Protein chains: 2
Amino acid sequence: MEIMESITGGKSRYHHGDLRNALIEAAVELAAEGGPERVVLREAARSVGVSPTAAYRHFNGQGELLEEVKIHGQQALAASMSEAVRVLPGLDDPGEEAVRRTEAIGRGYVRFAIEHPGLYRTAFCRTSAAEEHDFTGLEVPDGSPEFAAFRELSDTLDTLVAAGRMRPDNRPAAEVAAWSAVHGLSLLILDGPLALLPADQRDAVVERTLTTIVAGLTRQ
Amino acid sequence: MEIMESITGGKSRYHHGDLRNALIEAAVELAAEGGPERVVLREAARSVGVSPTAAYRHFNGQGELLEEVKIHGQQALAASMSEAVRVLPGLDDPGEEAVRRTEAIGRGYVRFAIEHPGLYRTAFCRTSAAEEHDFTGLEVPDGSPEFAAFRELSDTLDTLVAAGRMRPDNRPAAEVAAWSAVHGLSLLILDGPLALLPADQRDAVVERTLTTIVAGLTRQ
DNA sequence: CACAAGATGTTAACGGCGTCAACATAGGAA
DNA sequence: TTCCTATGTTGACGCCGTTAACATCTTGTG
């Protein structure tokens, strides 16, 4: 398989060259604009300039296209969380550092939801492909990049225990508690009763919620 | 306006008599089966035995029908929370009672989500009618029955403060933190990574999460 | 180099959806 | 009784996802 000299080659060609990715890109844009219900196969095809049925050469159907966008959203979310941690200053007290890091992860999570509501909602939308990974807090899958951030959370929680800031018997399900809090908070802000809260009040509520959940996790 | 002797009168009549409620009922059933995306106007009409456009005499369109179902779901959720509290035994220590009550409210919330996933998802689905109520934790709207349970949570949190189990400066946004936790937990269980967790492990995670969030709220 | 075969894209069509316009009927008030 | 209005019906439109049948490009092989 030679590399097609096409891609941006010129003149409208019968074969697109990279239709799959082009469709995903278009679909991501749609999702960013209007969430999962907005990613409609025909519109993605239209915006790429191709017939609707062409998509079926690259996806099993709309569901599979949506799944692709979903993965993209999960990765972007993970990146936001990682970035929030990366930016943190180092501290002398490792326990304090772990606490700050935990809060930062949560902040990055909520921040992404607020800044990219469509993608965030898509990342957690229901899809027919219900083959979800599961973890109780003990078994953390690795490899899949969308879970890199989750791994980061998990490690940070371990650090909390190691530094004596969290009781070991609190450790199991700690990531579920943390994740639940930021996930719920994000959705209450996006779709729920906190939707029309002015930004400054909203941020205050976010900070207070982060503080509360971390307090719960680190209670001795 | 005389009462129509119809309703269950007999013989197929041209005028249904209570089509609006019949459609809502059908739509609720659909939502219970498959969530918000399942409440399709034509199917509701079909199951009532009426033409699709008949619905337009009673609703502005599918969105308004969905909105009706949404309200129904919110009320059912509130009922589940209230029931969980009602069932609690009284305690001598009012502080301890308030703590138990807070946990019970959360348990009732998550329990409803697990037992009625379709209705729960519908209760929180996005609808065009974005005229949501908002509250920062200070201003709690009353009247609307779907918020009765929220009022109950708010009162319970007040009791926590009064009994000296919660620092007053922790009070603001406390309901947001509590709500976020149970909401996020419910969604992680329904759609997210905890979906395939066996029931007993799932219940354990729920209990641990409730404990953690209450610990955060009541930390001195 | 020729050419068959597979990969990739197109057109046409189906059924289902939400919605609108035009028409039909029933029930109550005058 | 008669007419008005509330309520329901039929028919049509454009959108969606999806399938089947056909067209064109690309590539490996003789």
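Reminder, nothing fancy here: chain letters follow the sequence lines and each chain counts from 1. Just so you know, these numbers come straight off a predicted model, no measurement behind them.
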Between [N] ([atom2]) and [X] ([atom1]): distance, integer Å:
X       : N      : atom1 : atom2 : result
A:Leu23 : C:dG9  : CG    : C1'   : 12 Å
B:Leu30 : C:dC17 : CG    : P     : 11 Å
A:Arg57 : D:dG17 : CZ    : C1'   : 16 Å
B:Glu37 : D:dG17 : CD    : P     : 15 Å
B:Asp18 : D:dA6  : CG    : C1'   : 15 Å
B:Leu41 : C:dG18 : CG    : C1'   : 7 Å
A:Gln62 : D:dC15 : CD    : P     : 18 Å
B:Leu65 : C:dC17 : CG    : C1'   : 14 Å

First encountered from the 5' end of DNA chain D, between A:Gly61 and B:Ala54: B:Ala54
Keeping the roles fixed (side chain from [X], backbone from [Y]), state whether a donor-acceptor pair exists under 3.5 Å.
X        : Y        : value
A:Glu68  : A:Val28  : no
B:Thr122 : B:Gly118 : yes
B:Ser80  : B:Ala76  : no

Using OP1 and OP2 only, check whether a side-chain N or O of [X] sits under 4.0 Å from [N].
X       : N      : result
A:Tyr56 : D:dT19 : no
A:His58 : C:dG9  : yes
B:Arg46 : C:dC17 : yes
B:Arg20 : D:dA6  : no

Minimum side-chain heavy-atom gap B:Val206-B:Ile189 below 4.5 Å: yes
Sub-6.0 Å ring centroid separation between A:Phe150 and A:Tyr109: no
C:dG16 base / B:Arg42 side chain donor-acceptor hit below 3.5 Å: no
hbond_proxy B:Thr53 side chain to D:dT10 base (donor-acceptor, 3.5 Å cutoff): yes
Closest to side chain of B:Pro52, choosing from C:dT19, C:dG18, D:dA21: C:dT19
